[in-house]
Amino acid sequence: MSKERFAERQGEVKSAAARLAEVVAQRDTEIVRDAAIQRFEFTFEVIWKTLKLFLERQGHECGGPRSTLKKAFAEGLISSPEEADVWLQLLEDRNLTSHAYDQALAARIYQHTTKDYARILGAMAGKIQTLTWN
């Protein structure tokens, strides 16, 4: 991957996080809840995939999202064990959203998204903006 393509990825991460922040600021309705969950899904996807590209560029093997998140923790991109636990919960919830739509599950994931996930994904988007492609 070129430096220019990585810069494009950084822009995609920034845009996805901004779109997620935008929807979680809205009043809770079914449509807002559905939009928030969808934006949570694609924000998580673009972030973990960008982390994977960056870490592989640094010489690390990452594999899927779980191993990428563990490597991001080992490399200090995820700063604490507590934050690492939240990232693993993010992954679990992301995996649940793609299999079936259940109202109770949607409500729980929406609550997590508005309470914690949007903030955590936004913070990681900010960190990704500072990464340099060498």
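What you are looking at is a predicted structure, and each value in this text was computed from that prediction instead of being measured.
- Taking 4.5 Å as the limit, some side-chain heavy atom of P81 sits within range of a side-chain heavy atom of F73.
- The aromatic rings of W87 and F44 are tilted relative to each other, their planes meeting at an angle between 30° and 60°.
- For the atom pair CG (L20) and OG1 (T43), the distance works out to 4.5 Å, reported to the nearest 0.5 Å.
- Listed here is the closest heavy atom pair of R19 and F42: NH1-CZ, 3.6 Å.
- K14 NZ: 12 or fewer foreign heavy atoms inside a 6.0 Å radius.
- Of all the heavy atoms in F6 and L131, the pair that sits closest is CE2-O, 4.0 Å.
- Within the 3.5 Å criterion, the main-chain N or O of Q10 finds a donor-acceptor partner in the side chain of Q129.
- Side-chain contact between L91 and R66 is present, with heavy atoms from C-beta onward closer than 4.5 Å.
- Using a distance-only test at 3.5 Å, with no hydrogens or angles considered, no donor-acceptor pair links the side chain of T114 to the main chain of V24.
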- Query: So E8 and R5, salt bridge (charged side-chain N to carboxylate O under 4.0 Å, His left out) or not? Walk me through it.
  - Reply: CA-CA 5 Å; E8 288 175 20; R5 179 64 184 117; 3.3 Å; yes

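- In summary, the side chains of D93 and Q89 do present a donor paired with an acceptor at a separation below 3.5 Å, with no hydrogens or angles considered.
- Note that CD1 of I109 and CG of D102 are 9.0 Å apart. Values are rounded to the nearest 0.5 Å.
- Smallest separation of non-hydrogen atoms from L53 and R9: CD1-NH1, 3.1 Å.
- K52 contributes no side-chain N or O that, together with a main-chain N or O of P65, makes up a donor-acceptor pair within less than 3.5 Å.
- Closest of all the heavy-atom pairs between R108 and L96 is NH2-CD1, 3.5 Å.
- At least one donor-acceptor pair under 3.5 Å links the side chain of T130 to the backbone N or O of K127.
- Here the straight-line distance linking atom OG1 of T113 with atom CG of L90 works out to 7.5 Å at 0.5 Å rounding.
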- R33/E30 under salt bridge (charged side-chain N to carboxylate O under 4.0 Å, His left out): CA gap, chis, key distance, verdict: CA-CA 5 Å; R33 192 173 326 137; E30 280 191 38; 5.5 Å; no

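- In this structure, CG in L51 is found 7.0 Å from CD1 in I78, a value given to the nearest 0.5 Å.
- With rounding to the nearest 0.5 Å, the separation of CD1 in I47 from CG in L121 is 4.5 Å.
- With rounding to the nearest 0.5 Å, the separation of CD in E82 from CG in D85 is 7.0 Å.
- The two atoms that bring E83 and S79 nearest to each other are OE1-OG, 2.8 Å, heavy atoms only.
- Between V23 and A35, the shortest heavy-atom distance links the atoms CG2-CB, 3.7 Å.
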- Are E75 and Q58 close enough, and set up right, to give a side-chain contact (heavy atoms from CB on, under 4.5 Å), and what steps lead you there? CA-CA 10 Å; E75 293 300 309; Q58 304 304 310; over 6 Å; no

